[in-house]
Amino acid sequence: MLRRTVLLLPLLLAACGGEDMPQRTEFPALHYDYLTPLRLNVAAVDVPDAPPPGPLDAMNPAPPGQTLRRMAMDRIGAGGATGRAAFVVDQASVTQSGEGLSGVMAVHLDVLRPDGGRSAFAEARVTRQASLPRRTELPGALYDMTRAMMDDMNVELEFQARRSLRDWLQSAETAPAPAPVQQQNLSAPGQPATPPIPPEQPIPAPGS
């Protein structure tokens with residue numbers, strides 16, 4: 001009887017989830033600068049801090065609030081001469097809900113007046129549900145849920161921005177071109193600085 005009990009013990013542990021499973025150790029950082037940028041006709045875009053982290057964020061290789069802020073810095077740019085915009089994270093969490101995981105992300109993107117009021121805004125919200133994994137697999141499950149919600153958020157935010165902020169979005173054709181860079185030679189210590197070299201002028205054709 002003792003031998004039979006010893007042989008069955010590993011099976012019972014596996015069935016109860018007590019046997020450790022191999023853990024994932026590689027979680028690539030999530031970046032979004034390869035996606036189409038959303039460039040606004042303002043001089044600066046503020047990205048305030050996200051809400052306080054949730055109880056599972058310490059185990060998440062890609063905490064939702066930080067990942068949303070990274071997305072904003074990767075994708076939302078300023079292409080104008082005046083004015084400000086702000087990208088605000090309203091909700092960003094993955095929590096345990098009964099026998100599963102529940103995730104929610106909500107953000108808004110405001111174009112601001114000089115007095116701080118809104119000139120225009122766009123809002124985006126996404127949610128996800130997943131089954132609760134074994135504890136040894138929890139970091140990977142949290143990472144996967146965050147990445148999936150971020151894929152949804154990138155699509156939803158771009159859709160809402162193009163619908164609600166279309167008068168403020170710039171295309172590559174309408175954005176101002178960067179100013180030409182002037183070359184300047186460095187002078188020896190104690191010598192007057194050499195004036196900037198003006199842009200080359202075209203050589204006139206003979207007889208012109």
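These numbers were taken from a predicted model, which means no experiment stands behind them. Counting begins at 1 with the first residue of the sequence.
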Return the minimal non-hydrogen interatomic distance between [X] and [Y], and the atom names on each side.
| X | Y | answer |
| --- | --- | --- |
| G103 | M145 | N-SD, 3.9 Å |
| P61 | P139 | CD-O, 3.4 Å |
| R39 | S171 | NH2-O, 3.6 Å |
| M105 | P64 | CE-CB, 3.9 Å |
| S164 | A120 | O-CB, 4.5 Å |

In one Ile/Leu/Val/Met/Phe/Trp/Tyr side-chain cluster, 4.5 Å: [X], [Y]:
| X | Y | value |
| --- | --- | --- |
| M73 | F87 | yes |
| M150 | V155 | no |
| F27 | L138 | yes |
| V88 | W168 | no |
| V126 | L30 | yes |

Could you check if a side-chain atom of [X] sits within less than 4.5 angstrom of a side-chain atom of [Y], using non-hydrogen atoms only?
| X | Y | answer |
| --- | --- | --- |
| E158 | L35 | no |
| R162 | T36 | yes |
| Q129 | S102 | yes |
| M71 | V107 | no |
| L101 | P133 | yes |
| R128 | T146 | no |
| R147 | D144 | yes |

Spell out, as yes or no, whether a donor-acceptor pair under 3.5 Å connects the side chain of [X] to the backbone of [Y].
| X | Y | result |
| --- | --- | --- |
| R24 | E137 | no |
| R166 | R163 | yes |
| Y32 | L68 | no |
| Q91 | V104 | no |
| R118 | L112 | no |
| R69 | V47 | yes |
| D115 | G117 | yes |

Rounded to the nearest 0.5 Å, how far does CD1 of I76 lie from CG of L109?
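The CD1 atom of I76 is 5.0 Å from CG of L109, to the nearest 0.5 Å.
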
Please determine whether side-chain contact (heavy atoms from CB on, under 4.5 Å) holds for the pair L40 and L169, giving the CA-CA distance in whole Å, both sets of side-chain angles, and the decisive distance to 0.1 Å.
CA-CA 5 Å; L40 297 169; L169 284 174; 3.6 Å; yes

M149/V94 under side-chain contact (heavy atoms from CB on, under 4.5 Å): CA gap, chis, key distance, verdict
CA-CA 10 Å; M149 284 198 296; V94 179; 3.7 Å; yes

side-chain contact (heavy atoms from CB on, under 4.5 Å) between L38 and L165, intermediate numbers included
CA-CA 10 Å; L38 301 172; L165 301 176; over 6 Å; no

Check the pair H31 / R70 against side-chain contact (heavy atoms from CB on, under 4.5 Å), numbers first and verdict last.
CA-CA 7 Å; H31 291 282; R70 168 53 58 190; 3.6 Å; yes

